Amino acid sequence: MLLEIEQMETFIGQYHILHGITLSVPAGEVTVLLGRNGAGKTTTLRSIMGLAPAQKGTIRFCGEEIQAFPPYEIVRRGIGYVPEDQGIFGDLTVEENLKVAMKHKDSAAMERLQWTLELFPDLKTDWHKKGAYLSGGQKQMLSIARALVQDLSLLLIDEPSKGLAPIMVEKVAKALLHMKQKTTIVLVEQNFAMASWVGDRFYILDDGKTVAAGPMKELKEDQELKRKYLGVS
Ligand SMILES: Nc1ncnc2c1ncn2[C@@H]1O[C@H](COP(=O)(O)OP(=O)(O)OP(=O)(O)O)[C@@H](O)[C@H]1O
């Protein structure tokens with residue numbers, strides 16, 4: 001397993017937000033975290049990154065315990081995070097946003113940039129446009145691209161379809177399917193159609209705990225589980 005979390009508990013201030021998250025992420029797959037608003041999906045990603053540090057339980061990445069590490073140590077080990085608010089620089093151009101993310105400009109990095117631009121050709125069209133003037137979908141692509149140009153082996157992506165028109169959701173979903181060839185992905189996604197299209201396995205979170213898990217194709221058939229926790233049928 002690339003990432004293994006056991007009984008993770010996280011407090012934010014006095015609030016006990018995560019009560020026991022257990023999940024395993026195999027390399028080369030898309031693992032989707034599902035659950036109602038407030039279930040703890042974003043906090044789970046933030047705990048993995050050390051941004052909302054877990055107080056109990058273990059997080060193992062490539063066999064090493066990382067739950068006590070600060071965020072920069074976690075990034076250094078090859079985990080990237082694409083937050084829901086996208087985290088791109090509005091007053092920098094697309095080119096500058098990508099180059100800032102690339103720590104090294106060696107041939108491997110240039111190859112990753114090339115591959116990323118093939119995946120998101122729209123970014124080439126908007127190469128000199130400032131981040132602030134991009135549409136929601138373009139911003140989403142740029143924020144994923146910023147993670148892809150780094151040398152990462154695990155990418156945590158929070159609701160990439162949020163607020164996007166269906167055509168853009170489809171583009172992002174296709175890009176995620178391509179990305180799987182290079183990077184393992186943990187995806188938080190409320191759009192069930194997209195989640196079930198790109199996901200290989202699922203975890204359902206409820207009230208800060210993992211309550212169900214399995215191959216995505218099983219969830220597609222399980223009307224009861226979908227109705228109970230996801231409000232879809
Ligand atoms: N900084 C914070 N201070 C206090 N409570 C917080 C904080 N961040 C999150 N929470 C609470 O923790 C719970 C889990 O939030 P989280 O954002 O992880 O859920 P989520 O499953 O990602 O939901 P959503 O889809 O709405 O983003 C919610 O009840 C939320 O109000």
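For ligands, and for the atoms within them, numbers begin at 1 and follow the listed sequence. All of these numbers come straight from a predicted model, not from anything done at the bench.
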Tell me which residues fall inside the under-4.0 Å heavy-atom shell around ligand 1. I12, Y15, I17, R36, N37, G38, A39, G40, K41, T42, T43, E159, Q190
Heavy-atom count check: over 12 atoms from other residues, nucleotides or ligands less than 6.0 Å from E65 CD? yes
Heavy-atom check, side chain of M49 versus side chain of L156, under 4.5 Å: yes
pair Y81-L45: side-chain heavy atoms closer than 4.5 Å: yes
Would you find a donor on one side and an acceptor on the other, under 3.5 Å apart, between the side chain of R146 and the backbone of N97? yes
Do L113 and L148 belong together in a cluster built from hydrophobic side chains that touch within less than 4.5 Å? yes
So, E159 and N191: side-chain donor and acceptor under 3.5 Å apart, yes or no? no
